[in-house]
Amino acid sequence: MVLSSAPKETNAEAKPLYAAIYEVVRQIPFGKVATYGQIAELLGLYGRARQVGYALFQVAPDSDIPWHRVVNAQGKISRSPMRQGNDDLQRILLEREGVVFDAQETLSLALYRWSPKHSED
DNA sequence: ACGGTGACACCAG
DNA sequence: TCTGGTGCCACCG
């Protein structure tokens, strides 16, 4: 593709790091979840979980990226004023995949955490 | 350039 | 359990 115009799109293609993050997120299978720190670590970005969250923030809810399969280290959906309901959508999408939340709105990481393998795919 | 903020995580009290 | 501080670093004004 000719990038003659080079629009300032804050998309995946514009940010190699984000593209890498999205690729990992895409690996998460149906019914499984991963934590922000886990995603970061897989990319050799230990300690930079925030960037993962920021990358996902830029993903549209209707994207093909299963952004809803990423939760925090406590197994909870990170609530934020900025999300205005998308956090609820995340829970709904997860429940559609069979993920069960307890009374504390927490899911069992021991049960649903995705274990990446070399021969994924 | 700079400081505040944040879909996080970890550690000390 | 909860609070507060630290590390990380991209984004925004």
Side-chain angles (χ1 to χ4, degrees):
Chain A
M1 71 317 189
V2 189
L3 24 81
S4 51
S5 48
K8 54 171 182 176
E9 47 189 339
T10 339
N11 298 353
E13 278 116 45
K15 305 276 185 181
L17 174 59
Y18 286 10
I21 291 173
Y22 299 150
E23 269 312 299
V24 174
V25 174
R26 275 188 233 261
Q27 312 293 331
I28 308 174
F30 185 97
K32 288 290 183 179
V33 302
T35 68
Y36 296 96
Q38 185 182 348
I39 301 297
E41 208 168 351
L42 283 172
L43 295 170
L45 303 175
Y46 180 78
R48 301 191 220 174
R50 299 187 100 141
Q51 268 49 50
V52 176
Y54 213 99
L56 291 180
F57 176 71
Q58 309 204 27
V59 176
D62 62 323
S63 169
D64 59 322
I65 300 170
W67 55 272
H68 58 282
R69 295 180 187 145
V70 185
V71 297
N72 62 31
Q74 301 169 36
K76 300 174 78 172
I77 293 172
S78 294
R79 298 250 170 191
S80 171
M82 310 304 283
R83 300 191 56 181
Q84 296 289 333
N86 272 10
D87 41 7
D88 293 320
L89 172 61
Q90 180 168 7
R91 172 167 176 164
I92 292 172
L93 291 175
L94 285 174
E95 292 183 319
R96 276 177 66 183
E97 302 190 356
V99 175
V100 178
F101 289 80
D102 62 18
Q104 302 154 32
E105 299 185 12
T106 304
L107 58 81
S108 170
L109 283 176
L111 203 58
Y112 304 114
R113 187 195 286 267
W114 167 53
S115 299
K117 302 181 179 182
H118 294 288
S119 55
E120 67 214 10
D121 249 86

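A, B, ... follow the sequence lines: proteins, then strands. Residue 1 opens every chain.
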Under the 3.5 angstrom rule, does the side chain of [X] hit a backbone N or O of [Y] as a donor-acceptor pair?
X: A:Gln27; Y: A:Glu23; value: yes
X: A:Tyr22; Y: A:Ala55; value: yes
X: A:Gln90; Y: A:Val70; value: yes

Exercise for the section: Measure the distance from CE on A:Met82 to P on C:dC11 and round it to the nearest whole Å. Expected result: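 After rounding, the gap between these two atoms is 14 Å.
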Problem - Single-linkage hydrophobic cluster, 4.5 Å side-chain cutoff, A:Ile65 and A:Leu42 together - result: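 Yes, because A:Ile65 and A:Leu42 connect within a single hydrophobic cluster, where side-chain heavy atoms sit under 4.5 Å apart.
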Exercise for the section: Group every Ile, Leu, Val, Met, Phe, Trp and Tyr by side-chain heavy-atom contacts under 4.5 Å, then state whether A:Leu111 and A:Val33 land in the same group. Expected result: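 Looking at the clustering, A:Val33 is in the same group as A:Leu111.
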Practice task
Please list, by residue number, the residues of residues 31-50 of chain A whose heavy atoms come closer than 4.0 Å to an atom of DNA chain C; answer none if no residue qualifies.
Solution key: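 Residues of residues 31-50 of chain A under 4.0 Å from DNA chain C: A:Gly47, A:Arg48, A:Arg50.
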Practice task
Take atom CZ of A:Arg79 as the centre, draw a 6.0 Å sphere, and report whether it contains more than 12 heavy atoms from other residues, nucleotides or ligands.
Solution key: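 Yes, CZ of A:Arg79 has more than 12 neighbouring heavy atoms, counting only those of other groups under 6.0 Å.
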Handout entry: Verdict with supporting geometry, A:Val100 and A:Tyr112, side chain to side chain contact (heavy atoms under 4.5 Å, CB included)
Key = CA-CA 9 Å; A:Val100 178; A:Tyr112 304 114; 3.6 Å; yes
Handout entry: salt bridge (charged side-chain N to carboxylate O under 4.0 Å, His left out) contacts in which one or both residues fall within residues 28-44 of chain A, not counting sequence neighbours
Key =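 Pairs touching residues 28-44 of chain A that pass the test: none.
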Exercise for the section: Scan for salt bridge (charged side-chain N to carboxylate O under 4.0 Å, His left out) pairs involving residues 67-76 of chain A, sequence neighbours excluded, and state none if there are none. Expected result: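 For residues 67-76 of chain A: A:Arg69-A:Glu97.
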Problem - Contacting residues from residues 85-92 of chain A, given that a heavy atom lies under 4.0 angstrom of DNA chain B - result: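 When residues 85-92 of chain A is checked for heavy atoms under 4.0 Å from DNA chain B, the hits, listed by number, are A:Gln90.
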Problem - chain A footprint on DNA chain B, 5' to 3' - any atom under 4.0 Å from a heavy atom - result: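 Nucleotide range in contact with chain A: B:dG6 to B:dC10.
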Problem - Sequence-distant partners of A:Asn86, side-chain contact (heavy atoms from CB on, under 4.5 Å), two or more places apart - result: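 Scan of A:Asn86 (side-chain contact (heavy atoms from CB on, under 4.5 Å), adjacent residues dropped) gives A:Pro61, A:Arg83, A:Leu89.
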